[in-house]
Number of protein chains: 2
Amino acid sequence: MAESAHRTTARILDILELVAEHPTGLTLADLSRRLDIPKSSLHPLATTLAVRKYLHYNPREERYYAGESLFVYGNKFINNVDILEKIRNVLLSVNQKINETLYFGVLSNLDVLYLIKMDLFSQFRVVSNIGNKLPAYSTGYGKALLSQYSPRQIEQFFPDGKLKSITANTLATVDELNAQLAEIRRTGFSYEKGESTEGIQCVATAIIVDGSYLAGMSIAVPEFRYTAEREIQFKSLLLEAKQQIQKIISEQRNQWIYSGEFV
Amino acid sequence: MAESAHRTTARILDILELVAEHPTGLTLADLSRRLDIPKSSLHPLATTLAVRKYLHYNPREERYYAGESLFVYGNKFINNVDILEKIRNVLLSVNQKINETLYFGVLSNLDVLYLIKMDLFSQFRVVSNIGNKLPAYSTGYGKALLSQYSPRQIEQFFPDGKLKSITANTLATVDELNAQLAEIRRTGFSYEKGESTEGIQCVATAIIVDGSYLAGMSIAVPEFRYTAEREIQFKSLLLEAKQQIQKIISEQRNQWIYSGEFV
DNA sequence: CTTTTGTATTCGTATATACGAACTATGTTC
DNA sequence: GAACATAGTTCGTATATACGAATACAAAAG
C-alpha cells in the first residue's frame, strides 16, 4: 500500500504541524524555507487555512500562528468517542480510592499517546499532557503494550539496538527492554522508575481484548509515596479496572477505533 | 480580501470536519455524496490523511474515522500558549475560594469558544466541553464580549432580528439582546439564566486590554446554589481575577493570538 | 446461481494548480 | 537618502491533479 502521497495534502498537514510546534509564529517566508515550498505555492494554501481558522495570521507582524480550528475539531474527536467516557468513569473510581495520577492511552507507532489523564483531586491540572506522545519504551504502559511483540520484532523496531534516553533512568538498549518485556508477558504488569519523568514511578498494564493489545493504563506516583504495600494495592486496583475496561471495549468492540498495533 | 479559497485545501478541511462530526464513521462514498466531490478525487486525499493519522481507515468495514493527529496537534496548540497557563492559575485561585465551575474563552465570529473549563473539585470532569462553541448571545461571557459592539452593529450581525433558541430561556430577539448589552456596558457584568444550559446561572465579565475586548470569563452555578449574597461574592472575585488576567495579557500582549474581534 | 447494489480502485485526458520571475511595500543599514 | 533586506503579492505558463468512465470485488437480494 506504500502510497505515493498526495502532495498538496501532505503540504497542508506539514504547514499545520509546523505551525503547531512553533508558538511564536512563522512568516510565510519561514514556512517556505522550512518546508522547501515556493512562497507563491504556499500563499493560497495559507490564506485558505487562515480563513478556516486553522491558522491565525497577524498582519502587523506578518506571522502565522496555530489557529483555533485544530483545537476545536481535535476536541470533538476526543469527546465523541463515548467509550472513552465510560473508561473515564472507571479511572475515576480508581482515582478516588488512591488519589494518585492515572493515565490511559494507546500506541501510536512506537510512541504512546495519552488520551486520558486523571490528576490527584487535591491539586488541579494546570499543565496537561493529554495529546502528548512519548517513546513507548520509556513509559509504564508503553512497555506493557510493547510486550505483545516478540523479541525479534522489537529488535526490528530499533535496528541499531539503542534506545534514545529521555531521563537518566530510561532503558538504554533493546536487550534491557526485551528482558523487561519477558517479565511483563509473564506477570501482566509493567513498571517504570523515572524513565520518562524524573522522580515518578509507575505500575501499568495493557488492555487486551480477544488477544489484541488495544490500550494501556498506569498509576503514576512520586517516588517518596511509592511503597511496597501500596504497590500491592495499585496492582489489585489496576487488575480490577483492567477487567472492567476490557469488558466495556469488548461490548462495543466496533467503537474502538484504534488498531492498537504498530502500523 | 474575500479570497477565492484554494479548492483542494478547502476540501481537505471539509473532510476533516465532516469526519470529526461523525463518530460512527463515513465511507469514501459517504464523503463523496456529502461533500459533492467525486470519489476518484477524494481517494488520494483520504489515503494521505489516513497515512498521516488525521483519519483512521477501518478496512474491514470500509469506513473512515477521525484520527488521532487532529487531537495531538490541537492539544499542542492549547498547551503551547503559555499565557493560558498563567490564566489557569488565576482561575484556580478563584475556584478554590468558591468551588464552582469557571469558564474562560474567546469570541469566534459570533460564537464563544471555550478554552478553559475548571470544574468543582468535588466532582471530576467526565464530559468536557473544552473546544465547544455556542452562540455568543446565549452565554454569560458571550454577551459580555458582544457588548463591545454598538446596537447598530449587533443588528447587522443578526439581519432578521431573531436569535436561534438553545433553551427555553435563550433571548429571542436582537432588541432584548441590545437591552442587556446596554446594561452590561454600564456595569461591566453580564448575567445568564439558563440560556445555554437549563438550570445553570452565570455571572460573567469581559477581559479588556487597551480598549480591546480579548476574552471573557464566567462563574457557572446551578440555580439552587445561586443566591443574591453569593452573587456579590462572585462579582468581587470576577473583578479581581479580571484585573489580574488583564495585567497578564497586557504584559505579553503580543502572545495573545486572538483578535477578539468579529472578523 | 444471477442480479443488484454497495464498496474501493485504476486510468487517460481535461483542467485546476504550482512555480519562477517580476513586483510592491516596509523597514533597516550605511 | 541610497542601497539592501525583509516581507507579501501577482501573473502566465508548465505541470501536477482532478474527474468520468470503466473496473474489480463483496455482500445482499431475487
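Residue numbering restarts at 1 for every chain, and letters A, B, ... go by the order of the sequence lines. The model shown is predicted, which means the values in this text are computed figures rather than measured ones.
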**Student:** For A/Tyr64 and A/Thr8, find the nucleotide of DNA chain D closest to each by heavy atoms; which residue's nucleotide sits nearer the 5' end?
**Tutor:** A/Tyr64

**Student:** Tell me which nucleotide among C/dT10, C/dA16, D/dG8 gets nearest to the side chain of B/Arg7.
**Tutor:** C/dA16

**Student:** What nucleic acid atoms does B/Tyr57 come within less than 4.0 Å of, heavy atoms only: base, sugar-phosphate, or nothing?
**Tutor:** sugar-phosphate

**Student:** Let's see if you can work this out: which of C/dA18, D/dG8, D/dA18 has an atom nearest to the side-chain heavy atoms of A/His6?
**Tutor:**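 Nearest to the side chain of A/His6 among the choices is D/dA18.
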
**Student:** Between A/Leu146, A/Val106, A/Leu134, A/Asn132, which is the residue that forms a side chain to side chain contact (heavy atoms under 4.5 Å, CB included) with A/Val112?
**Tutor:** A/Leu134

**Student:** On the nucleotide C/dA8, are OP1 or OP2 found under 4.0 Å from the side-chain N or O atoms that B/Arg60 carries?
**Tutor:** no

**Student:** Can you list the residues that meet the side chain to side chain contact (heavy atoms under 4.5 Å, CB included) rule with B/Ser41, with sequence neighbours excluded?
**Tutor:**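 Per chain and number, B/Ser41 pairs via side chain to side chain contact (heavy atoms under 4.5 Å, CB included) with B/Arg11, B/Ile37, B/Pro38.
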
**Student:** Listed in order of residue number, which residues of residues 28-40 of chain B have a non-hydrogen atom at under 4.0 Å from DNA chain C?
**Tutor:**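 The stretch gives B/Leu28, B/Ala29, B/Arg33, B/Lys39, B/Ser40 as the residues lying under 4.0 Å from the strand, ordered by number.
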
**Student:** Report the residue from B/Asp14, B/Leu31, B/Ile15 that forms a side chain to side chain contact (heavy atoms under 4.5 Å, CB included) with B/Leu45.
**Tutor:**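 When side chain to side chain contact (heavy atoms under 4.5 Å, CB included) is applied between B/Leu45 and each of B/Asp14, B/Leu31, B/Ile15, only B/Ile15 qualifies.
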
**Student:** Just N and O in the side chain of B/Ser41: are any of them under 4.0 Å from OP1 or OP2 of D/dT17?
**Tutor:**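 No, no such contact exists.
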
**Student:** Taking only N and O in the side chain of A/Arg11, is any of them less than 4.0 Å away from OP1 or OP2 of C/dC19?
**Tutor:** yes

**Student:** With distance as the sole criterion, is a donor-acceptor pair present between the side chains of B/Asp111 and B/Ser108 under 3.5 Å?
**Tutor:**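 No, B/Ser108 and B/Asp111 have no side-chain donor paired with an acceptor closer than 3.5 Å.
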
**Student:** So, A/Thr139 side chain and A/Gly142 main chain: donor-acceptor pair closer than 3.5 Å or not?
**Tutor:** yes

**Student:** Check the pair B/Tyr65 / B/Glu61 against side-chain hydrogen bond (donor to acceptor under 3.5 Å, both in side chains), numbers first and verdict last.
**Tutor:** CA-CA 11 Å; B/Tyr65 295 86; B/Glu61 40 178 30; 2.2 Å; yes

**Student:** Can you measure A/Leu42 atom CG to C/dC19 atom C1' for me and round it to whole angstrom units?
**Tutor:**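 After rounding, the gap between these two atoms is 12 Å.
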
**Student:** Testing A/Phe158, A/Phe157, A/Tyr213 for ring-ring contact (aromatic ring centres under 6.0 Å, His included) with A/Tyr149, which one passes?
**Tutor:**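 For A/Tyr149, the ring-ring contact (aromatic ring centres under 6.0 Å, His included) test succeeds with only one of A/Phe158, A/Phe157, A/Tyr213, which is A/Phe157.
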
**Student:** Answer with yes or no whether the side chains of B/Thr205 and B/Lys242 bring together a donor and an acceptor at under 3.5 Å.
**Tutor:**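 The criterion, which ignores hydrogens and geometry beyond distance, is satisfied for B/Thr205 and B/Lys242.
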
**Student:** In whole angstrom, give the distance that lies between atom CD of B/Glu62 and atom C1' of C/dA8.
**Tutor:** 6 Å

**Student:** By the definition salt bridge (Lys or Arg N to Asp or Glu O under 4.0 Å), identify the one residue from B/Lys76, B/Arg52, B/Lys53 that meets it with A/Glu17.
**Tutor:** B/Arg52

**Student:** Using C1' atoms of five pairs at each end, report the bend of the helix from C/dC1-D/dG30 to C/dC30-D/dG1 rounded to 10 degrees.
**Tutor:** 30°

**Student:** Over how many whole Å does the gap from A/Arg63 atom CZ to D/dG8 atom P extend?
**Tutor:**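 One finds 10 Å between P of D/dG8 and CZ of A/Arg63, rounded.
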
**Student:** To the nearest angstrom, how far is B/Ile12 atom CD1 from D/dT17 atom P?
**Tutor:**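 So the two atoms are 11 Å apart, to the nearest Å.
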
**Student:** Does a nitrogen or oxygen in the side chain of B/His43 sit under 4.0 Å from OP1 or OP2 of C/dA8?
**Tutor:**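 Answer is no, no contact under 4.0 Å.
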
**Student:** Tell me: CD of B/Glu61 to P of D/dC25, nearest whole Å?
**Tutor:**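 Nearest whole value for this atom pair: 22 Å.
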
